[in-house]
Amino acid sequence: MLESAQASKPAGIQFLEYIKKSALSFKTHQAIVLVITFLAYTSYHAARKTTSIIKTALDPQFSDLGSKFFPFQRRELPLFLGRGWAPFDGPDGTAVLGELDVAFLSVYALGMYYSGHLGDRMNLRVFLTIGMVGTGFFTALFGIGYWGNIHMFWYYLIVQMLAGLFQSTGWPSVVAVVGNWFGKKKRGLIMGIWNAHTSVGNITGSLIASALLKYGWGWSMVVPGLMTAFIGFLVFLFLPVSPESVGANADENGVKKRSGGVEEPLLREGEEEKAVGFVEAWKIPGVAPFAFCLFFAKLVAYTFLYWLPFYISHTAIDGKYLSSEEAGNLSTLFDVGGVVGGILAGHISDYLDARAITAASFMYCTIPVLFLYKLYGHISLAVNVGLLFIAGMFVNGPYALITTAVSADLGTHSSLRGNSRGLATVTAIIDGTGSFGAAIGPLLTGYISALSWNAVFDMLMGAALVAGLLLSKLVMAEVAAKSGRSRPPEDAPPPTLTALEV
């Protein structure tokens, strides 16, 4: 077994052990897992964010969007944006860009289901590497259209669809790997901090793409694409998929004591685990309501992800329009709030031991914040910054919680009887369902925004309300468990998971 583990160790781990002249500790492996998976998904989101930044270069025309707020003011476009880029610079430019978003996200959502199924059946390190290199290649290929003077819509459509397919390999893989190395103790807080990679990636992608936009929008795609592919090679060299794959000795994060005091993994070495089926995973208590809640939560989050820089650049703030670079930089405040929201939601859910109550509360708080941003976001830059930060906190908090701690909880649910082979599948079901909402939100925004941005905000507030209501049954079950009407036995799973079975 040790020889098998040694043979399966990544080359980078073997090199570190050669330098150290001893095996790496379990804690060191955990640190490597957190760092590598953090960098991996940061690069995924950085590559994904770039398309929202280059929209102002592909379709920079005023299109009467800003005049709905300030009809007597006209915007001066930066000279380097020129007249746009066909086929996105026509009167239906925003709708065409919205169709590009929905093509990417629809393939991403469909690919997520298949990726989770496949990820539970093959080496996650190799699977993730292939996904990252493919993502980097097709992201860069989109940017090549700038130098190739390509103006055919089908070219950008196909490239975006293939990029979405490879992007779908990321989330099930990284959550499954982290779930293999960390137990349930403080899972919400740990994964809340770790999930900052989503916002860090968005911020990084925004800053890089905005800074390079002046040299040509192609650079804003190619550089993040190359960065993603490079980190993919780091994943292949250093990522240990599980303790068993590298022969690491498990500690308190997932072990039990033998009668003689010797620790052994909860899943014994040599035990054959059968991968959990797609339908079987859907039947796990709590998977369906959280998946459909995430559908509407990601609809809100991804509308901001793909359209916020465009909205800011087309809306007068304190009577002035911001340049595309300034709008891209300002939009990062939403993601900074998202980092705080993810950590806060994870900590609160750990403290209360109530995932559904936490997620629903954040979604309900999103509604008044979006209403205030719609009414007062244009008054001054300071007000816009403050409301953007708060909106990011409440929008991304439940999104981060559901896609990390909740997915890991349900992927190791008691109904699976200790089978860890369902984690990627459950994660894929929840995030894949959410990704359909992520596809629909930007698409609807592309059409609705041409009529009124107020209507877009009304749509987002309605989605937040539905997301919270979908968790009502689970919230009531958790409240009942907390109030003592349904007390679980001491050896039962945490109240959240017990409540899900009501």
Side-chain angles (χ1 to χ4, degrees), residues 51-77 84 88-102 206 296 298-324 326-335 337 366-381 383-392 394-395 437-465:
T51 54
S52 70
I53 301 300
I54 67 170
K55 280 178 179 176
T56 51
L58 300 178
D59 180 26
Q61 301 307 309
F62 187 65
S63 301
D64 293 330
L65 292 175
S67 63
K68 288 180 170 55
F69 295 98
F70 295 92
F72 302 108
Q73 300 209 17
R74 289 292 179 266
R75 177 186 179 201
E76 295 182 4
L77 297 172
F88 308 106
D89 59 347
D92 60 344
T94 56
V96 173
L97 289 170
E99 291 169 0
L100 208 61
D101 291 339
V102 78
S206 295
F296 291 97
K298 289 191 75 169
L299 186 154
V300 178
Y302 270 67
T303 298
F304 275 93
L305 174 68
Y306 279 95
W307 285 102
L308 182 58
F310 187 88
Y311 169 74
I312 292 174
S313 66
H314 287 79
T315 302
I317 300 176
D318 195 16
K320 300 177 182 178
Y321 288 98
L322 301 181
S323 69
S324 297
E326 290 171 334
N329 292 337
L330 178 59
S331 70
T332 62
L333 269 298
F334 179 84
D335 295 298
T366 297
I367 299 172
V369 175
L370 292 182
F371 182 74
L372 291 174
Y373 186 73
K374 178 181 73 169
L375 292 182
Y376 304 112
H378 65 276
I379 289 179
S380 70
L381 187 61
V383 172
N384 194 291
V385 166
L387 290 175
L388 264 186
F389 179 87
I390 298 172
F394 285 118
V395 169
I440 292 174
L443 175 66
L444 293 177
T445 301
Y447 289 102
I448 298 174
S449 63
L451 302 175
S452 169
W453 278 103
N454 286 334
V456 173
F457 281 99
D458 292 339
M459 174 189 74
L460 297 180
M461 288 186 285
L465 176 62

- Query: Would you find a donor on one side and an acceptor on the other, under 3.5 Å apart, between the side chain of Ser380 and the backbone of Asp318?
  - Reply: no
- What are the two closest heavy atoms between Ala463 and Val300, and how far apart are they? CB-CG2, 3.8 Å
- Task: Might you point out which heavy atoms bring Leu372 and Leu387 nearest each other, and give the distance in Å?
- Result: O-CD1, 3.7 Å
- Note on the structure: So CG of Leu322 and OG1 of Thr315: to nearest 0.5 Å the spacing works out to 9.5 Å
- Rounded to the nearest 0.5 Å, how far does CG of Leu308 lie from CG of Asp335? 8.0 Å
- Test item: Asn384 side-chain N/O and Gly377 main-chain N/O as donor-acceptor pair under 3.5 Å: yes
- Message: Just verifying a value: how many Å separate Ile312 CD1 and Leu388 CG, rounded to the nearest 0.5 Å?
- Response: 5.0 Å
- Query: What distance do Asp458 atom CG and Lys374 atom NZ have between them, rounded to the nearest 0.5 Å?
  - Reply: 4.0 Å
- Between Val395 and Val369, is any pair of side-chain heavy atoms under 4.5 Å apart? no
- Task: Calculate, to the nearest 0.5 Å, the distance between atoms CG and CG belonging to Asp101 and Leu444 respectively.
- Result: 11.5 Å
- Classify the ring geometry between Phe304 and Phe457 as parallel (under 30°), tilted (30 to 60°) or perpendicular (over 60°). perpendicular
- Quick one: CD on Glu99 to CZ on Phe88, what's the gap to the nearest 0.5 Å? 10.0 Å
- Item | Flag side-chain contact, heavy atom, 4.5 Å: Phe394 against Ile390 | yes
- List the atom of Val102, the atom of Ala439, and the distance in Å for their closest heavy-atom pair. CG2-O, 3.3 Å
- Note on the structure: All heavy atoms of Leu370 vs all of Ala391, minimum pair found to be CD2-CB, 4.5 Å
- Do the non-hydrogen side-chain atoms of Pro309 and Ser206 ever get within less than 4.5 Å of each other? no
- Note on the structure: Ser331 and Gly328 have their tightest heavy-atom pair at OG-O, 2.6 Å
- Item | Ser52 side chain vs Leu305 backbone, donor-acceptor pair below 3.5 Å | yes
- Message: Suppose we screen for side chain to side chain contact (heavy atoms under 4.5 Å, CB included). Which residues come up paired with Thr445, at least two apart in sequence or across chains?
- Response: Thr303, Trp307, Ser449, Trp453, Val456, Met459
- Under 4.5 Å between any side-chain heavy atoms of Leu465 and Ile367, yes or no? yes
